[in-house]
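Shown next, in structure tokens, is the structure this report addresses.
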Amino acid sequence: MLFLTSRYNFSDNHHLFNAYLGPPHLVILALRVHKPSSSDKVLQFNLIKMNNRIPNYKRQFSKIVKLMILALFIGLWEAPCATSTKAQEGESSIDTGSRKTRVTITNNLEGSNFTIHCKSKDDDMGTHVIAPQENYSWEFKVNFWHTTLFFCGVSWRDGSLVYDFYKASRDLNRCLYYCNWYVKRDGVYGLNEVGDPDIVLRWSSKSEN
């Protein structure tokens, strides 16, 4: 259905122009040409022209929307998803189907809890208390520049420490997809991809803090 909103007439000695303005970017031009003759026949030509040019401001707005969508996509791509052993039993972590890196920190303190608080430049994953033989873990995608870093503070009854539990520049060749840590009475042990303990962290005593 065509809705015409305005009509304009133009004429000279031999021509009559009727211009109709319809929906946006649609112009209907009716040209009537009067040819002098005995019967004064009238030839009518109807021309329809679609103007597909988009104003500059609309193009700029479209670019802004595309950039916002790209920024949102990158944010979701790199955002970590953290879980503990109890959470894993009742719900699954969010996964887009692409391969992610997972860091897991397991409590081997034999009868004692430990408290952990992990952060990155953009994310604060909060404070969690991990019971014996349970674990705390999170997964994420390493950013394009390989600068992804997560540091954690770990403490229990007899000591505490702060360390970079994931550092892309160190761990991409050390534990590409699975980085496991074990919290023990004599320290925290980091395992590489094949399960060998290649990092050992010692506790700072409560008196030193």
Side-chain angles (χ1 to χ4, degrees), residues 70-209:
L70 178 61
L72 178 61
F73 175 77
I74 292 175
L76 292 175
W77 179 277
E78 297 182 1
C81 177
T83 60
S84 65
T85 305
K86 292 182 178 179
Q88 289 176 349
E89 293 174 356
E91 57 188 55
S92 59
S93 60
I94 299 172
D95 192 354
T96 61
S98 300
R99 196 69 180 266
K100 296 181 179 181
T101 298
R102 174 174 288 274
V103 177
T104 301
I105 305 172
T106 301
N107 186 345
N108 283 351
L109 286 174
E110 301 175 359
S112 297
N113 298 338
F114 74 79
T115 300
I116 186 168
H117 188 179
C118 296
K119 296 181 180 181
S120 70
K121 178 181 177 181
D122 302 312
D123 300 284
D124 185 338
M125 294 184 286
T127 301
H128 304 269
V129 177
I130 309 303
Q133 303 308 314
E134 293 187 353
N135 65 65
Y136 176 73
S137 67
W138 70 96
E139 61 180 9
F140 53 91
K141 293 180 180 177
V142 176
N143 64 28
F144 178 81
W145 300 272
H146 294 172
T147 58
T148 302
L149 184 148
F150 291 91
F151 65 94
C152 303
V154 181
S155 62
W156 70 298
R157 182 188 62 205
D158 293 338
S160 64
L161 58 84
V162 176
Y163 191 70
D164 296 336
F165 278 73
Y166 185 85
K167 187 176 182 179
S169 60
R170 178 195 68 206
D171 294 328
L172 281 175
N173 296 321
R174 176 180 166 270
C175 52
L176 182 58
Y177 295 121
Y178 301 99
C179 299
N180 294 301
W181 298 81
Y182 289 90
V183 178
K184 300 183 178 183
R185 290 181 175 273
D186 61 344
V188 178
Y189 292 77
L191 280 60
N192 58 25
E193 191 81 15
V194 296
D196 295 329
D198 59 345
I199 298 177
V200 178
L201 309 176
R202 298 304 180 188
W203 298 110
S204 297
S205 65
K206 293 290 185 176
S207 59
E208 295 177 2
N209 298 327

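With sequence neighbours excluded, no residue satisfies side chain to side chain donor-acceptor pair (under 3.5 Å) with N107. With sequence neighbours excluded, the residues satisfying side chain to side chain contact (heavy atoms under 4.5 Å, CB included) with L176 are L172, E193. With sequence neighbours excluded, no residue forms a side chain to side chain donor-acceptor pair (under 3.5 Å) with S112. Residues meeting the ring pair (Phe, Tyr, Trp, His ring centres under 6.0 Å) test with F114, sequence neighbours left out: none. The side chain to side chain donor-acceptor pair (under 3.5 Å) check on D196 picks up nothing, with sequence neighbours excluded. Listed by chain and number, the residues in a side chain to side chain donor-acceptor pair (under 3.5 Å) with Y178 amount to none (sequence neighbours excluded). Every residue meeting the side chain to side chain contact (heavy atoms under 4.5 Å, CB included) condition with L149, not counting sequence neighbours, appears here in chain and number order: F151, D164, K167.
Expressed to the nearest 0.5 Å, how far OH of Y166 lies from OG1 of T148 amounts to 6.5 Å. Of the inter-residue distances, the one linking W181 atom CH2 with L191 atom CG reads 9.0 Å to the nearest 0.5 angstrom. Atoms CD and OG1, on E139 and T104 in that order, are 9.5 Å from each other to the nearest 0.5 Å. To the nearest 0.5 Å, the span separating OG on S155 from CG on N113 amounts to 10.5 Å. To the nearest 0.5 Å, the span separating CG on N143 from NZ on K121 amounts to 9.5 Å.
Contact check for N108 versus Q133: side-chain heavy atoms found under the 4.5 Å cut-off. Proximity of Y189 to N180: side-chain heavy atoms (C-beta onward) are nowhere separated by under 4.5 Å. Contact check for W156 versus V154: no side-chain heavy atoms found under the 4.5 Å cut-off.
The list of salt bridge (charged side-chain N to carboxylate O under 4.0 Å, His left out) pairs with a residue in residues 172-186, not counting sequence neighbours, reads D171-R174, R174-D198, D186-R202. Residue pairs meeting the disulfide (SG to SG under 2.5 Å) criterion with at least one partner in residues 164-200, sequence neighbours excluded, are C175-C179. Annotation: disulfide (SG to SG under 2.5 Å) contacts involving residues 107-163, sequence neighbours excluded, comprise C118-C152.
Here the closest heavy-atom approach between residue W138 and residue I105 is recorded as CZ3-CD1, 4.0 Å. Contact record, A168 with H146: CB-O, 3.5 Å, taken as the closest heavy-atom pair.
Between F150 and the choices Y163, F140, Y136, F165, the ring-ring contact (aromatic ring centres under 6.0 Å, His included) rule is met once, by F140.
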